[in-house]
Undergrad: 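Mind looking over this structure? Questions follow.
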Amino acid sequence: MLNRTLAAFAAGVVLFAGAAHAACDTAAQIEQCKGQLDAGYNVLNTYALDGQDGKITSVVDDNVLSSRMSYQLVICGAEGVTFELQSGARKPLLNNKEGEALQSMLTIEPERSSVYYLAFGLPAADTCAGAVLGVKAR
């Protein structure tokens with residue numbers, strides 16, 4: 001009887017913890033971002049920006065960006081998500097800060113084809129956002 005009660009309690013805790021985290025629907029945030037891309041941009045990459053209760057504070061991805069292409073980044077969902085484009089040597093090149101505000105849409109037009117890092121900073125443990133990188137020929 002005690003084992004059954006403990007098992008039921010443990011199952012409830014696991015179910016509750018899963019439900020709390022399941023509240024973050026990054027797929028819906030990503031779909032919202034896709035709809036905000038300007039005409040002519042095709043989705044190149046998507047980013048799930050889920051703080052996972054403080055376990056994740058940043059998301060970094062490397063991409064080869066071409067100088068012959070134009071890229072558009074859209075961030076949807078949470079307020080306060082920071083973005084920085086970095087060179088292959090991790091030198092900051094561009095960010096989404098405009099004064100005290102953070103832009104949710106940026107256009108990236110690389111001067112040369114190379115590896116670049118897209119670095120997102122999540123402002124809080126409960127951050128739930130998405131981002132989309134679109135691409136089109138210049």
Side-chain angles (χ1 to χ4, degrees):
M1 177 74 169
L2 180 61
N3 285 342
R4 229 181 294 174
T5 304
L6 287 175
F9 176 73
V13 168
V14 168
L15 208 84
F16 177 74
H21 185 68
C24 180
D25 188 357
T26 57
Q29 301 295 340
I30 289 169
E31 286 304 312
Q32 179 186 358
C33 287
K34 287 178 182 178
Q36 293 181 25
L37 284 172
D38 286 345
Y41 283 93
N42 296 309
V43 174
L44 177 65
N45 211 343
T46 61
Y47 302 94
L49 307 175
D50 181 356
Q52 297 184 11
D53 297 325
K55 295 178 187 155
I56 297 177
T57 58
S58 64
V59 173
V60 179
D61 186 36
D62 60 326
N63 284 276
V64 175
L65 302 183
S66 170
S67 60
R68 293 178 291 176
M69 307 300 272
S70 177
Y71 302 88
Q72 188 172 62
L73 179 76
V74 180
I75 302 170
C76 299
E79 296 290 322
V81 174
T82 59
F83 167 76
E84 185 174 76
L85 178 69
Q86 301 170 349
S87 70
R90 304 301 289 255
K91 175 184 170 195
L93 301 172
L94 175 73
N95 64 52
N96 69 332
K97 295 176 186 172
E98 186 175 287
E100 295 295 315
L102 295 174
Q103 298 177 52
S104 60
M105 183 181 292
L106 293 169
T107 300
I108 302 166
E109 295 185 338
E111 291 181 15
R112 62 185 186 100
S113 299
S114 184
V115 172
Y116 293 89
Y117 291 92
L118 284 72
F120 300 90
L122 310 184
D126 61 348
T127 297
C128 183
V132 171
L133 181 65
V135 61
K136 75 173 185 177
R138 285 198 216 187

Undergrad: Quick one, Leu102 with Val81, criterion side-chain contact (heavy atoms from CB on, under 4.5 Å). Give me CA distance, side-chain angles, the key distance, then yes/no.
TA: CA-CA 8 Å; Leu102 295 174; Val81 174; 6.0 Å; no
Undergrad: Should Lys34 and Thr46 be marked as a side-chain contact (heavy atoms from CB on, under 4.5 Å) after you check the CA-CA gap, both sets of side-chain angles, and the distance that decides it?
TA: CA-CA 9 Å; Lys34 287 178 182 178; Thr46 61; 4.0 Å; yes
Undergrad: Starting at CD of Glu31, measure out to OG1 of Thr26 and round the result to the nearest 0.5 Å.
TA: 10.5 Å
Undergrad: Please find the pair of heavy atoms, one from Ala129 and one from Ala78, that lie closest to each other, and give the distance.
TA: CB-N, 3.6 Å
Undergrad: When rounded to the nearest 0.5 angstrom, what distance separates CD in Glu98 from CG in Leu106?
TA: 9.5 Å
Undergrad: Taking the side chain as C-beta and beyond, is there a heavy-atom pair between Phe120 and Leu73 under 4.5 Å?
TA: yes
Undergrad: I'd like to check Leu118 versus Leu85 (side-chain heavy atoms, cut-off strictly below 4.5 Å). Are they in contact?
TA: yes
Undergrad: Hydrophobic clusters here meaning ILVMFWY residues chained together by side-chain heavy-atom distances under 4.5 Å, can you tell me if Tyr47 and Tyr117 are in one?
TA: no
Undergrad: Check whether Asn96 reaches the backbone of Phe83 with its side chain - one donor and one acceptor, N or O, closer than 3.5 Å.
TA: yes
Undergrad: Do Ile30 and Val132 make a side-chain contact, defined as non-hydrogen atoms from C-beta onward lying under 4.5 Å apart?
TA: yes
Undergrad: Around atom CZ of Arg68, are there more than 12 heavy atoms from other residues, nucleotides or ligands closer than 6.0 Å?
TA: no
Undergrad: Is there side-chain contact between Val60 and Arg90, with at least one heavy-atom pair below 4.5 Å?
TA: yes
Undergrad: Between atom CD of Glu111 and atom OG of Ser87, what is the distance when rounded to the nearest 0.5 Å?
TA: 12.0 Å
Undergrad: Is there side-chain contact between Asp50 and Ile56, with at least one heavy-atom pair below 4.5 Å?
TA: no
Undergrad: Would you confirm whether Asn63, through its side chain, and Tyr116, through its main-chain N or O, come within 3.5 Å as a donor-acceptor pair?
TA: no
Undergrad: For Asp38, is there any backbone N or O sitting under 3.5 Å from a side-chain donor or acceptor partner on Gln72?
TA: yes
Undergrad: Under 4.5 Å between side-chain heavy atoms, hopping through other hydrophobics if needed: is there a path connecting Val43 to Leu49?
TA: no
Undergrad: Flag the pair Val74 / Leu37 as yes when at least one side-chain heavy-atom distance between them is below 4.5 Å, and no otherwise.
TA: yes
Undergrad: With rounding to the nearest 0.5 angstrom, report the NZ to CD distance, Lys91 to Gln86.
TA: 12.0 Å
Undergrad: Ser70 and Glu109: which non-hydrogen atoms are nearest, and at how many Å?
TA: OG-OE2, 3.3 Å
Undergrad: Does CD belonging to Gln103 count more than 12 external heavy atoms closer than 6.0 Å?
TA: yes
Undergrad: To the nearest 0.5 Å, tell me how far Thr107 OG1 sits from Tyr41 OH.
TA: 4.5 Å
Undergrad: Is there a path of hydrophobic side-chain contacts, each under 4.5 Å between heavy atoms of I, L, V, M, F, W or Y residues, that connects Ile75 with Met105?
TA: no
Undergrad: Sub-3.5 Å donor-acceptor pair from the side chain of Tyr71 to the main-chain atoms of Ser66, do we have one?
TA: yes
